[in-house]
Peer 1: 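First the structure, then my questions, so here it is.
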Amino acid sequence: MKKSVVLYKKLSAPLMARLHEQAEVTLIDALDETGLAKLRDALPSAHGLLGASLRLDAQLLALAPKLEAVASVSVGVDNYDIDYLTQRGILLSNTPDVLTETTADTGFALILATARRVVELADMVRAGQWNKNIGPAHFGSDVHGKTLGIIGMGRIGEALAQRGHFGFGMPVIYHSHSPKPAVEARFGAQYRSLQDLLKEADFVCLTLPLTAETEKLIGTEEFALMGPETIFINISRGKVVDEAALVEALAQRTIRAAGLDVFEKEPLSHDSPLLRLNNVVATPHIGSATHETREAMAKCAVDNLLQALSGERPQNLVNPAVWKQ
Ligand code: DGY
């Protein structure tokens with residue numbers, strides 16, 4: 001008998017067809033109230049779940065006694081109670097690698113947009129306010145040759161370092177759990193303590209996962225270590241930052257600008273103080289959002305789910321302890 005799979009994210013026609021061949025599929029096509037009610041109704045018979053952008057907590061998962069596997073269409077796994085899944089013997093998988101380059105592109109887009117004030121000045125042109133040659137009041141700052149500081153030297157951090165080092169001749173400094181000799185050899189990157197990195201980098205870029213340890217890692221004290229020319233970039237998770245402290249640093253111009261793809265609460269509220277600051281470039285969590293990459297992520301998640309449901313170890317298993325059990 002086919003196993004039952006609940007999707008809470010729409011997939012492309014070829015991927016849907018593949019899943020239909022191998023499983024009974026229920027699609028929840030929106031995560032609004034109706035969709036969530038449909039999800040709750042479908043959970044009691046679900047063997048597999050696939051989707052993203054939904055907090056799957058113990059309370060919700062308790063409705064799914066037959067659940068064997070959850071395939072997240074994301075690299076970040078902060079939406080899952082991993083201890084609970086592991087205790088229940090449910091395999092959790094994610095989609096690393098396929099989104100690394102695209103997410104690093106997003107990081108670099110924000111570096112360039114903030115340093116060269118691309119959004120602010122393009123808005124000025126669109127508003128018909130380009131009436132004379134621009135002068136120093138509209139100048140930005142260079143990116144090439146500036147110091148790139150990366151906090152969290154995982155795959156995405158490395159891809160950012162590669163762009164900075166080879167593309168823009170930037171000295172790279174980084175902070176992570178431990179020094180990474182291979183990264184140092186490839187990009188001439190140098191390890192720093194968090195405090196030293198914040199003091200030294202022209203661009204402070206966050207590429208680390210959200211965990212209990214990294215929540216609110218960057219707050220008032222950390223912003224105070226940055227200089228008035230520092231540009232802050234976040235492509236990891238909003239909750240790694242104390243957003244009120246960030247607003248304060250930007251409003252007081254104790255740092256120069258911020259390029260933000262992620263926020264404490266998403267979607268960002270229309271009346272967020274961040275949106276009243278012209279030194280902020282805010283994007284709607286587009287890290288991996290290209291047609292090619294989102295399809296590759298969905299395919300990777302489908303592969304992981306089908307592997308798990310057929311008794312194979314999923315390629316991107318997040319909680320290997322379940323496999324050992
Ligand atoms: C991820 O995969 O975790 C990204 O944040 C989604 O773009």
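One-based numbering, in listed order, for ligands and for the atoms of each. For clarity, every value in this text was computed on a predicted model and none was experimentally measured.
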Peer 1: Determine all donor-acceptor pairs shorter than 3.5 Å in which one atom belongs to a side chain in residues 150-171; sequence neighbours excluded.
Peer 2:
{"unit_1": "R155", "atom_1": "NE", "unit_2": "D97", "atom_2": "OD1", "d": "2.8"}
{"unit_1": "E158", "atom_1": "OE1", "unit_2": "R186", "atom_2": "NH1", "d": "3.1"}
{"unit_1": "R163", "atom_1": "NE", "unit_2": "D105", "atom_2": "OD1", "d": "2.9"}
{"unit_1": "R163", "atom_1": "NH1", "unit_2": "E101", "atom_2": "OE1", "d": "3.0"}
{"unit_1": "R163", "atom_1": "NH1", "unit_2": "A159", "atom_2": "O", "d": "2.8"}
{"unit_1": "R163", "atom_1": "NH2", "unit_2": "E101", "atom_2": "O", "d": "3.1"}
{"unit_1": "R163", "atom_1": "NH2", "unit_2": "E101", "atom_2": "OE1", "d": "2.8"}
{"unit_1": "R163", "atom_1": "NH2", "unit_2": "D105", "atom_2": "OD1", "d": "2.9"}
{"unit_1": "H165", "atom_1": "ND1", "unit_2": "F187", "atom_2": "O", "d": "3.2"}

Peer 1: If I take atom CZ from residue R116 and atom CZ from residue F139, how far apart are they, to the nearest 0.5 angstrom?
Peer 2: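 Nearest 0.5 Å value for the CZ-CZ distance: 10.0 Å.
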Peer 1: Identify all N/O pairs between ligand 1 and the protein with a separation under 3.5 Å and present them as a table of atom names and distances.
Peer 2:
{"unit_1": "ligand 1", "atom_1": "2 (O)", "unit_2": "V75", "atom_2": "N", "d": "2.7"}
{"unit_1": "ligand 1", "atom_1": "3 (O)", "unit_2": "V75", "atom_2": "N", "d": "3.4"}
{"unit_1": "ligand 1", "atom_1": "3 (O)", "unit_2": "G76", "atom_2": "N", "d": "2.8"}
{"unit_1": "ligand 1", "atom_1": "3 (O)", "unit_2": "R237", "atom_2": "NH2", "d": "2.7"}
{"unit_1": "ligand 1", "atom_1": "5 (O)", "unit_2": "R237", "atom_2": "NH1", "d": "2.9"}
{"unit_1": "ligand 1", "atom_1": "5 (O)", "unit_2": "R237", "atom_2": "NH2", "d": "3.4"}
{"unit_1": "ligand 1", "atom_1": "5 (O)", "unit_2": "H285", "atom_2": "NE2", "d": "2.7"}
{"unit_1": "ligand 1", "atom_1": "7 (O)", "unit_2": "S288", "atom_2": "OG", "d": "2.7"}
{"unit_1": "ligand 1", "atom_1": "7 (O)", "unit_2": "R294", "atom_2": "NH2", "d": "3.4"}

Peer 1: Would you list the atom pairs, donor with acceptor, under 3.5 Å between side chains in residues 270-277 and any protein atom, with sequence neighbours excluded?
Peer 2:
{"unit_1": "D271", "atom_1": "OD1", "unit_2": "S269", "atom_2": "OG", "d": "2.4"}
{"unit_1": "S272", "atom_1": "OG", "unit_2": "L274", "atom_2": "N", "d": "3.1"}

Peer 1: Show the numbers, then the answer: is there a side-chain hydrogen bond (donor to acceptor under 3.5 Å, both in side chains) between S72 and N94?
Peer 2: CA-CA 5 Å; S72 187; N94 67 344; over 6 Å; no
Peer 1: Do R256 and S141 have side-chain N/O donor and acceptor atoms under 3.5 Å apart?
Peer 2: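 Their side chains do contain a donor-acceptor pair, which is all the 3.5 Å distance test asks for.
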Peer 1: Not counting sequence neighbours, which residues clear ring-ring contact (aromatic ring centres under 6.0 Å, His included) with Y8? List them please.
Peer 2: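 Checked Y8 against ring-ring contact (aromatic ring centres under 6.0 Å, His included); zero matches.
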